[in-house]
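Written below as structure tokens is the structure these notes are about.
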2 protein chains.
Amino acid sequence: MQEFVNLDALDLRLLAALQEDGRLTNQQAGERIGLSPSQCSRRRLALEAAGLIRGYHAELAAEPLGLKLLVFVQVTLATHSRDNAQRFRELVGRLEEVQEAYAMTGDADYLLKAVVPDLKDLAALVNDVLLPHESVARVRSSIVLERLKESHRLPLKALRRGG
Amino acid sequence: MQEFVNLDALDLRLLAALQEDGRLTNQQAGERIGLSPSQCSRRRLALEAAGLIRGYHAELAAEPLGLKLLVFVQVTLATHSRDNAQRFRELVGRLEEVQEAYAMTGDADYLLKAVVPDLKDLAALVNDVLLPHESVARVRSSIVLERLKESHRLPLKALRRGG
DNA sequence: GTCTCTTCGCATGCTCCTTGCGCCACCGGT
DNA sequence: ACCGGTGGCGCAAGGAGCATGCGAAGAGAC
């Protein structure tokens, strides 16, 4: 794993191609960015070794799987002691419904993004898990009505060279 | 593409394995869930054809790429006319920094999740792009201080059979 | 000009994917 | 109890893809 990465245009295009389609063949990726399959393989291995590619994942369809609700939950801690923060951290780590959890600026301390089958499960999550937890003081949940855009792609075009 | 999907335990385990590692070999996946590579391949193709797997993506590392800021932006529209909503939809669709955009319950109309290199770019996004846009009335952004959890895996264990 | 370092494409041995095939376990009807 | 149908399974083989050794070509230092 090299310490300082310097990416050229080909690397960026390869990263873009792979975050678009993670199962691209070196051959296909090579055609797309203008490189031979072998060189494509080498560059991809280098990008993985450099830690720029953190993994490959299948993106599943939530709706047909019966996970119909996407919810953002703002959480305020009871106290801001180190212990409390640690307990809360462990809690969200354990909860499978919580896809993402961030410490934020603004009103609430934390923002959670959770996926649940329906309102009943949301109620259970909030009332039976989050609120009773010793570390939590207040909870405010907002339900997603419509998904306008949902991509996990990083804006690579915004990068100045040598990022 | 079959209309009604009925998943058994093997399908669910395969989905779980693939959202964990999207580049799993049919052989590797088979070992993990207890199935032969050929059957694994068949089930995977079926899941893809059924639309339960929406794609495979490389997960890139934002930080070393110079994308140091993750931001949530709450947006309130000027008017709630259909035209305005459509204009806003086109705007967020165009913006590469905006990874996700949702219409929400709660105070604000929309919640955006955006990735930018630094505060300068955030200011540019808010002040030069969002706020001047005709459809937008108010904008409130919250910066992510720390990422406690960041996985895009759906909670498959929460599913009742036959989802 | 020459030397060196890097990056490239080609060739190749090895792994992996997919699909045809036959087998078996289960099920409903008689 | 029997039996034909159905669906899911593993095996095998042909074709595709991956990674790496190798030589060639270009950039930069002096």
Side-chain angles (χ1 to χ4, degrees), chain A residues 1-61 64-66 156 159-163, chain B residues 1-61 64-66 156 159-163:
Chain A
M1 182 172 323
Q2 40 189 344
E3 192 62 41
F4 295 110
V5 197
N6 224 344
L7 302 170
D8 63 7
L10 286 172
D11 288 316
L12 284 177
R13 280 201 277 168
L14 181 53
L15 287 174
L18 286 174
Q19 80 173 338
E20 194 80 23
D21 181 354
R23 277 183 99 78
L24 272 183
T25 287
N26 286 328
Q27 199 164 301
Q28 297 169 315
E31 288 172 14
R32 190 177 293 200
I33 71 177
L35 214 52
S36 72
S38 58
Q39 194 60 13
C40 223
S41 168
R42 273 187 281 254
R43 276 177 182 264
R44 188 151 64 83
L45 292 176
L47 290 172
E48 290 169 4
L52 293 177
I53 296 179
R54 292 175 51 174
Y56 299 88
H57 307 283
E59 178 195 0
L60 306 187
L65 283 168
L156 297 181
L159 295 181
R160 302 95 181 89
R161 205 57 45 77
Chain B
M1 179 168 331
Q2 41 189 344
E3 191 61 42
F4 295 110
V5 197
N6 225 344
L7 302 171
D8 63 7
L10 286 173
D11 287 316
L12 284 177
R13 280 201 277 168
L14 181 53
L15 287 174
L18 286 174
Q19 79 174 337
E20 194 80 23
D21 181 354
R23 278 183 98 78
L24 274 183
T25 287
N26 286 327
Q27 198 164 299
Q28 297 168 316
E31 288 173 15
R32 191 177 293 201
I33 71 177
L35 213 52
S36 71
S38 57
Q39 194 59 13
C40 224
S41 168
R42 274 187 281 253
R43 289 178 96 110
R44 189 151 65 82
L45 292 176
L47 291 171
E48 289 169 4
L52 293 177
I53 298 179
R54 291 174 52 175
Y56 299 88
H57 307 283
E59 178 194 359
L60 306 187
L65 282 169
L156 296 181
L159 296 181
R160 304 94 180 86
R161 204 58 45 76

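Letters A, B, ... mirror the listed sequences (proteins, then strands); counts begin at 1. Worth saying up front: this structure is predicted, and the values here are computed from it rather than measured.
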In whole Å, what is the span from the [atom1] atom of [X] to the [atom2] atom of [N]?
X	N	atom1	atom2	result
B/Ile33	D/dG10	CD1	C1'	14 Å
B/Leu14	D/dC9	CG	P	11 Å
A/Asn26	C/dT12	CG	C1'	16 Å
B/Leu45	D/dG8	CG	P	15 Å
B/Arg23	C/dC17	CZ	P	11 Å

Here the pair of heavy atoms bringing A/Asn26 nearest to A/Pro37 is CB-O, 3.6 Å
Closest approach of B/Leu18 and B/Leu24, non-hydrogen atoms and distance?
CD2-CB, 4.3 Å
Whichever of B/Leu35 and A/Gln27 has the more 5' nearest nucleotide on DNA chain D, that residue is B/Leu35
Does [X] make a side-chain N or O approach to OP1 or OP2 of [N] shorter than 4.0 Å?
X	N	value
A/Ser38	C/dC8	no
B/Gln39	D/dG10	no
A/Arg43	C/dT7	no
B/Ser41	C/dT18	yes

Do side-chain atoms of B/His57 reach the backbone of A/Gln19 as a donor and acceptor pair under 3.5 angstrom?
yes
Side chain B/Thr25, main chain B/Gln28, donor-acceptor under 3.5 Å:
no
Can you check whether any acceptor in the base of D/dG7 is under 3.5 Å from a donor in the side chain of B/Arg42, or vice versa?
no
